[in-house]
Amino acid sequence: MRIATFNINGTAARLPRLLEWLATTQPDVACLQEIKTVSENFPVEALREAGYHCLVHGQKGFNGVAILSKEPATETQRGLPGDDADEQSRYLEADVGGVRVASIYLPNGNPQPGPKFDYKLAWLARLERHAAALFATELPVVLAGDYNVIPTDADVFSPAAMADDALMQPESRAAYRRLLYAGWTDAIRARTPTGPVYTFWDYQAGAWARNHGLRIDHLLLSPRAADRITDAGVDHKVRGAERASDHAPAWVDLRAA
DNA sequence: ATGCCTATGCGACATAGA
């Protein structure tokens, strides 16, 4: 069973690339971020023809997450608990194939310091609380998405160039690290413990051509899911296509339960 | 020091991204 996460950076602009990637790699579940459209305008018909069911938590213009799946999925949570005033569409969760899967689009947090960074840290705190509740269920759980956190200096082309960025502030990293300490497994690092495994390359300054990348898209697995990892990786080639997203898909393969 | 690109929207620039 392959579970993937892909920040597509706009549905209207990216649908051809999304369909190509699905046809080529055939993930069983695809968690999408930055769909940048209201749910009503999400191309469920084109995706149905491609073999996928859709759960969509959209928003006009920005943000927005979705879960595509070959088998029908049962929604378990829409929006991250912990702040009823939070209107941003950044969290969607469902049961599919016996696994609890979340599609996460964590706030970027720039510029920092400031209100956007405060929102990011508050969102991370809410995620920690919700993750703890999921962990306690002892279900196989995969928290997949764009975390907008560079976990360590090994996950960025130049720590110095990004030193003041919200993605690698100590507070952002500490929150991510607490998830690992709590027992969640970073699937990419479980398979590739050292060296760069980037998932994002900026559109600017020739970042892709220079391999100036970041690792910010992650799959965090509960013990019951982590026990089943057979492989994990990044579909780098997707980033090199015409009119590509600035993110590449990341994925984990789980053996049958 | 700044912007480099890209996507979206009641578009003709502003905002957001990371």
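Quick note on labels: first sequence line is chain A, next is B, and so on, each numbered from 1.
Taking only side-chain atoms of A:Leu214, from C-beta outward, the nucleotide of B:dC5, B:dC10, B:dA18 with the closest atom is B:dA18. Comparing B:dA18, B:dC5, B:dC10 against the side chain of A:Asn108 picks out B:dA18 as the nearest. Listed nucleotides B:dA18, B:dT8, B:dC4 differ in distance to A:Asn148; the shortest reach to its side chain belongs to B:dA18. Closest to the side chain of A:Tyr105, from the set B:dT8, B:dA18, B:dT6, is B:dA18.
With C1' as the reference atom, B:dA1 and B:dA14 are 22 Å apart, rounded to whole Å. Using atom P as the reference point in both B:dA12 and B:dT2, the two lie 26 Å apart (nearest Å). Here the separation of B:dT15 from B:dC10, taken at their P atoms, is 15 Å to the nearest Å. Look at the C1' atom in both B:dA16 and B:dG11: the space between them is 15 Å, to the nearest Å.
Residue pairs meeting the ring pair (Phe, Tyr, Trp, His ring centres under 6.0 Å) criterion with at least one member in residues 66-108 of chain A, sequence neighbours excluded: A:Tyr91-A:His130.
Counting any heavy atom pair closer than 4.0 Å across all strands shown, A:Ala207 reaches no nucleic acid atom. Among the protein residues, A:His212 comes within range of no part of the nucleic acid, since none of its heavy atoms lies under 4.0 Å from any strand. Residue contacts for A:Asp217: at a heavy-atom cut-off of 4.0 Å it reaches no nucleic acid atom on any strand shown. Contacts of A:Ser172 with the nucleic acid, taken as non-hydrogen atoms under 4.0 Å apart, are absent. Across all strands, A:Asn41 comes closer than 4.0 Å to no nucleic acid atom at all (heavy-atom distances). Counting any heavy atom pair closer than 4.0 Å across all strands shown, A:Ala13 reaches sugar-phosphate atoms only and no base atom.
Close to B:dA18, at under 4.0 Å from its OP1 or OP2, lies no side-chain N or O of A:Tyr147. For B:dG17, neither phosphate oxygen OP1 nor OP2 lies less than 4.0 angstrom from any side-chain nitrogen or oxygen of A:His247.
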Sub-3.5 Å pairs of nitrogen or oxygen atoms, protein against nucleotides 14-16 of chain B:
none

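Residues A:Leu139 and A:Arg100 come closest through the heavy atom pair CD1-NH2, 3.5 Å.
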